[in-house]
Enquirer: 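Once you've had a glance at the structure underneath, I'll fire off some questions.
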Number of protein chains: 2
Amino acid sequence: MSIFFSRQCEYAIQGVLYLALKPQGEMTSIKELTKRLDIPYHFLAKILQRLATTGLLTSAKGPTGGFALGKPAKEITLFDIVEAIDGSDFMDKCVLGFPECSGKNPCSVHSTWGRMRDEIYQMLVSKNIAEMAREMKKPEYRAAAG
Amino acid sequence: MSIFFSRQCEYAIQGVLYLALKPQGEMTSIKELTKRLDIPYHFLAKILQRLATTGLLTSAKGPTGGFALGKPAKEITLFDIVEAIDGSDFMDKCVLGFPECSGKNPCSVHSTWGRMRDEIYQMLVSKNIAEMAREMKKPEYRAAAG
DNA sequence: TGTTATTAGGACGACTTACTCTGAAACAAC
DNA sequence: GTTGTTTCAGAGTAAGTCGTCCTAATAACA
């Protein structure tokens, strides 16, 4: 299928980004998130729970409860979210699937792909959520979160 | 899951690469391929059939039958195989899954990811099978195909 | 012509991912 | 304490992907 992130991971990123747009510490209910982001309610609930257990988010039950970032937005990178949901196997597996492919025994796209993978990794760790949220507030971007 | 190619696509690439190492026009049976590449027999059969219907491979039944490249190896690119199996949707979908994301309305990684995607595309179209097969023959690479 | 080696193609099962449902637990407000 | 709102937890459903099996078609060859 040639994808990069799983659906779950996409939703996780969108959710965290939405929370980052809120005043720090403010709790947001799944209902609000699900409505604004157009993601199935229970599915998103599962994903947020998962992010909460890894510490990326905090949660509170009851009325006025909901989810919020577990630490300052600028300390959360895209990679943190990807790793929590999808894992980071893609970093060390041969892109063509050759089991024998390694540094000493490289397949024909090993070095090229390796370079690109490093760039992707750099993008993931250098992009923090605070920065991304700021960019999304700009008038150029009027999307799901407002 | 953070992958790039599906399992099917990986197998397809490995299979075509193996065929490219053979003298031109020589038929190779699934049995040989499956044994050398360690891919489930019937699953590989399906994949090769699919590649044959798109013209990338030719096939012949009966004894002495099998599969062979449908055109010169240097005219087949990685992209041809990927497109035949996985399609090329990844080229124009937002990597974060925002349905509203587009050139006019870019998400916060839109341009960065776009650049990387272009690089990946360039890699896929510039790598032809003949070249890759040559590299695999070098002593540095002694893998599945020999 | 019959046998054997091979692909073609459809039906099927297992497994994974995406998504739903339900009931319980926690909590705040009254 | 009661009530309503929310997350938590786990099981259940649906769809897609991975992989198997079986039968038919085809070609070589004795």
Side-chain angles (χ1 to χ4, degrees), chain A residues 1-15 19 22 26-35 37-70 82 84-87 89-90 97, chain B residues 1-16 19 22 26-35 37-70 82 84-87 89-90 97 99:
Chain A
M1 182 154 286
S2 287
I3 52 161
F4 202 78
F5 302 130
S6 69
R7 190 75 58 94
Q8 267 194 68
C9 194
E10 289 179 4
Y11 288 166
I13 295 170
Q14 294 182 25
L19 293 178
K22 292 273 180 158
E26 183 178 323
M27 287 291 179
T28 307
S29 69
I30 301 179
K31 205 196 300 185
E32 180 182 337
L33 281 157
T34 218
K35 205 169 170 185
L37 299 174
D38 195 31
I39 298 175
Y41 184 94
H42 295 94
F43 192 39
L44 181 60
K46 279 271 182 288
I47 297 169
L48 296 180
Q49 273 169 39
R50 204 158 158 191
L51 292 175
T53 63
T54 68
L56 247 49
L57 300 183
T58 55
S59 65
K61 293 183 181 179
T64 76
F67 289 88
L69 298 185
V82 173
I85 301 293
D86 281 351
D89 286 359
F90 74 96
Chain B
M1 179 152 291
S2 287
I3 52 161
F4 203 77
F5 301 132
S6 69
R7 189 79 56 95
Q8 271 193 63
C9 194
E10 289 178 4
Y11 289 166
I13 294 170
Q14 294 182 24
V16 172
L19 292 178
K22 292 276 180 155
E26 183 178 322
M27 287 291 180
T28 307
S29 70
I30 301 177
K31 204 197 300 186
E32 179 182 338
L33 281 157
T34 216
K35 205 169 171 185
L37 299 174
D38 196 30
I39 298 175
Y41 184 95
H42 299 279
F43 194 38
L44 181 60
K46 278 269 181 296
I47 298 169
L48 296 181
Q49 270 170 40
R50 205 159 155 189
L51 291 175
T53 62
T54 68
L56 249 47
L57 301 183
T58 55
S59 66
K61 293 183 181 178
T64 77
F67 289 89
L69 298 185
V82 173
I85 301 292
D86 280 352
D89 284 0
F90 74 95

Enquirer: With a 4.0 Å cut-off on heavy atoms, is B:A60 in touch with a base, just the backbone sugar-phosphate, or nothing at all?
Expert: sugar-phosphate
Enquirer: Is there a side-chain polar atom (N or O) of A:S29 under 4.0 Å from OP1 or OP2 of D:dT5?
Expert: no
Enquirer: All N/O contacts under 3.5 Å from nucleotides 24-29 of chain D to the protein, with atom names and distances to one decimal?
Expert:
unit_1: D:dT26; atom_1: O2; unit_2: B:G62; atom_2: N; d: 3.4

Enquirer: Nearest whole Å is fine: how far is C:dA18 P from A:Q14 CD?
Expert: 13 Å
Enquirer: Counting only non-hydrogen atoms, which of residues 40-51 of chain B are less than 4.0 Å from DNA chain C?
Expert: B:Y41, B:K46, B:Q49
Enquirer: Under 4.0 Å: is that the gap between some side-chain N or O of B:K31 and OP1 or OP2 of C:dT6?
Expert: yes
Enquirer: Just the rounded figure in Å: distance from P of C:dA5 to CD of B:E32.
Expert: 16 Å
Enquirer: Roughly how many Å is it from OH in B:Y11 to C1' in D:dT17, rounded to a whole number?
Expert: 12 Å
Enquirer: Is A:R7 close enough to C:dC19 that one of its side-chain N or O atoms is under 4.0 Å from OP1 or OP2 there?
Expert: yes
Enquirer: Tell me whether B:D86 contacts the main-chain N or O of B:F5 through its side chain, where contact means a donor paired with an acceptor under 3.5 Å.
Expert: no
Enquirer: If we ignore hydrogens and angles and just use 3.5 Å, is the side chain of B:T34 paired with the main-chain N or O of B:K31 as donor and acceptor?
Expert: no
Enquirer: Taking C-beta and beyond as the side chain, do A:L69 and A:L56 meet within less than 4.5 Å on heavy atoms?
Expert: no
Enquirer: Give the rounded distance in Å between these two atoms: CZ of A:F5 and P of C:dA18.
Expert: 14 Å
Enquirer: Using the ring-ring contact (aromatic ring centres under 6.0 Å, His included) criterion, which residues pair with B:F67? Sequence neighbours excluded.
Expert: none
Enquirer: Could you pull out the closest heavy-atom pair between B:I85 and B:S6, with the gap in Å?
Expert: CG2-OG, 4.4 Å
Enquirer: What is the distance from CD of B:E26 to P of C:dT6, rounded to the nearest Å?
Expert: 13 Å
Enquirer: Does a side-chain heavy-atom distance below 4.5 Å link B:L19 with B:L33?
Expert: yes
Enquirer: Quick one: A:M27 CE to C:dA28 C1', roughly how many Å, whole number?
Expert: 13 Å
Enquirer: So B:L51 and B:V16, do their side chains get closer than 4.5 Å, heavy atoms only?
Expert: yes
Enquirer: Taking side chain as C-beta onward, heavy atoms only, is A:Y11 less than 4.5 Å from A:P40?
Expert: yes
Enquirer: Report the nucleotide, chosen from C:dA18, D:dC18, C:dA8, that has the shortest atom-to-atom distance to any side-chain atom of B:Q8.
Expert: D:dC18
Enquirer: Please give, in whole Å, the distance from D:dC18 C1' to B:E10 CD?
Expert: 12 Å
Enquirer: From CG of A:D89 over to P of C:dT16, roughly how many Å is that when rounded to an integer?
Expert: 14 Å
Enquirer: Do B:Q14 side-chain atoms and A:G97 backbone N/O form a donor-acceptor pair below 3.5 Å?
Expert: yes
